[in-house]
Amino acid sequence: DAGVIQSPRHEVTEMGQEVTLRCKPISGHDYLFWYRQTMMRGLELLIYFNNNVPIDDSGMPEDRFSAKMPNASFSTLKIQPSEPRDSAVYFCASSLAFGGYEQYFGPGTRLTVT
Amino acid sequence: DAKTTQPNSMESNEEEPVHLPCNHSTISGTDYIHWYRQLPSQGPEYVIHGLTSNVNNRMASLAIAEDRKSSTLILHRATLRDAAVYYCILYGDYGGSQGNLIFGKGTKLSVKP
């Protein structure tokens, strides 16, 4: 398997624009996680899905952020409208199950909002 | 609301053992202890995890205190490639809340040749 795939790897956009980040989890993994990493706050969990259903989105910073998982092999994280403070590295991860199973992380998307 | 506490940084010499501590005094009975590491410009990478007993794999060993309120990641012979940020997290086996899964800022390990 190719591992968790994220696209784009880098995104530069202007404030106010819509940004869509994409993730393809490892085949057969039932859980998908979206994280955000900044120097100030470290690595934070935003939302996670089980079998394509959002389970806990309490980490999503505000209504400008939304995440979907239309099928088992694809998820998106959308920011609309984007703001400079959204600049961060966004990671997607997947795992077979919760707790006793490791998470596999993608390479991340570095987002810069000017 | 950090669930685990780790030192901000540690230093080690190459080919010497490294013990990375983690405190998790509020751990619950269903929480697994996971360790991940992150090399520069890469995503986090799984290292090891355990529930109650000590664990060994090809990368490291995990020593868990009897009361489970602390654990130690052991790298038996540090190499320059082990220089990374190491995260200790609690990962509950209940699937309903992300009350744990807090990575925080981890321990930055430097390895000197």
Side-chain angles (χ1 to χ4, degrees), chain A residues 2-7 9-10 21 23-26 29-61 67 88-110, chain B residues 1-9 27-53 55 57-60 62 64 68 73 84-108:
Chain A
V4 175
I5 299 172
Q6 292 187 247
S7 64
R9 292 294 307 278
H10 302 274
L21 311 182
C23 175
K24 176 179 169 54
I26 293 173
H29 282 192
D30 289 338
Y31 284 81
L32 184 139
F33 306 82
W34 281 99
Y35 291 88
R36 178 174 69 173
Q37 186 171 41
T38 62
M39 291 292 290
M40 289 289 291
R41 300 175 64 91
L43 190 61
E44 306 172 281
L45 178 63
L46 300 177
I47 185 173
Y48 76 90
F49 295 82
N50 178 22
N51 291 324
N52 313 336
V53 176
I55 301 300
D56 191 334
D57 65 355
S58 60
M60 296 285 263
V89 181
Y90 291 82
F91 290 103
C92 175
S94 70
S95 68
L96 276 170
F98 212 85
Y101 294 84
E102 59 265 42
Q103 292 189 25
Y104 293 83
F105 283 77
T109 295
R110 181 174 294 278
Chain B
D1 184 20
K3 299 289 186 178
T4 64
T5 305
Q6 300 177 252
N8 290 332
S9 62
I27 192 170
S28 71
T30 56
D31 285 338
Y32 286 82
I33 302 159
H34 280 237
W35 284 82
Y36 291 78
R37 72 180 186 181
Q38 188 174 21
L39 280 64
S41 301
Q42 294 188 24
E45 172 189 31
Y46 168 80
V47 177
I48 199 167
H49 77 277
L51 185 60
T52 57
S53 303
V55 184
N57 66 20
R58 64 176 180 81
M59 290 182 70
L62 177 60
I64 302 173
R68 301 212 319 130
L73 178 70
V85 177
Y86 287 78
Y87 298 96
C88 164
I89 68 166
L90 302 181
Y91 196 0
D93 193 20
Y94 38 79
S97 169
Q98 61 169 284
N100 292 335
L101 273 178
I102 298 174
F103 276 73
K105 295 188 177 182
T107 297
K108 183 174 183 178

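The shown structure was predicted, so the numbers you read here are calculated from the model rather than taken from an experiment.
Ranked by heavy-atom pairs under 4.5 Å with chain B, the list A:Met39, A:Gln37, A:Gln6, A:Arg41 is led by A:Gln37.
Proximity of the aromatic rings of B:Tyr46 and A:Tyr104 is defined here by a centroid distance below 6.0 angstrom, and this criterion is not met.
At least one donor-acceptor pair closer than 3.5 Å links the side chain of B:Tyr36 to the backbone N or O of A:Gln103. A donor-acceptor pair is defined here as one N or O able to donate and one able to accept, closer than 3.5 Å; no such pair exists between the side chain of B:Lys105 and the backbone of A:Leu43. Between the B:His34 side chain and the A:Glu102 main chain, no donor and acceptor come within less than 3.5 Å of each other.
Considering every non-hydrogen atom in both B:Tyr91 and A:Ser95, the closest pair reads OH-OG, 3.7 Å.
Side chains of B:His49 and A:Tyr101 form no contact here, defined as non-hydrogen atoms less than 4.5 Å apart. Residues B:Gln38 and A:Phe91 are in side-chain contact: their nearest non-hydrogen atoms beyond the backbone lie under 4.5 Å apart.
Looking at A:Arg110, neither its backbone nor its side chain comes within 4.5 Å of chain B, counting heavy atoms on both sides. There is no contact between A:Glu44 and chain B, counting heavy-atom distances below 4.5 Å. When heavy atoms are compared at a cutoff of 4.5 Å, A:Ala93 does not approach chain B at all.
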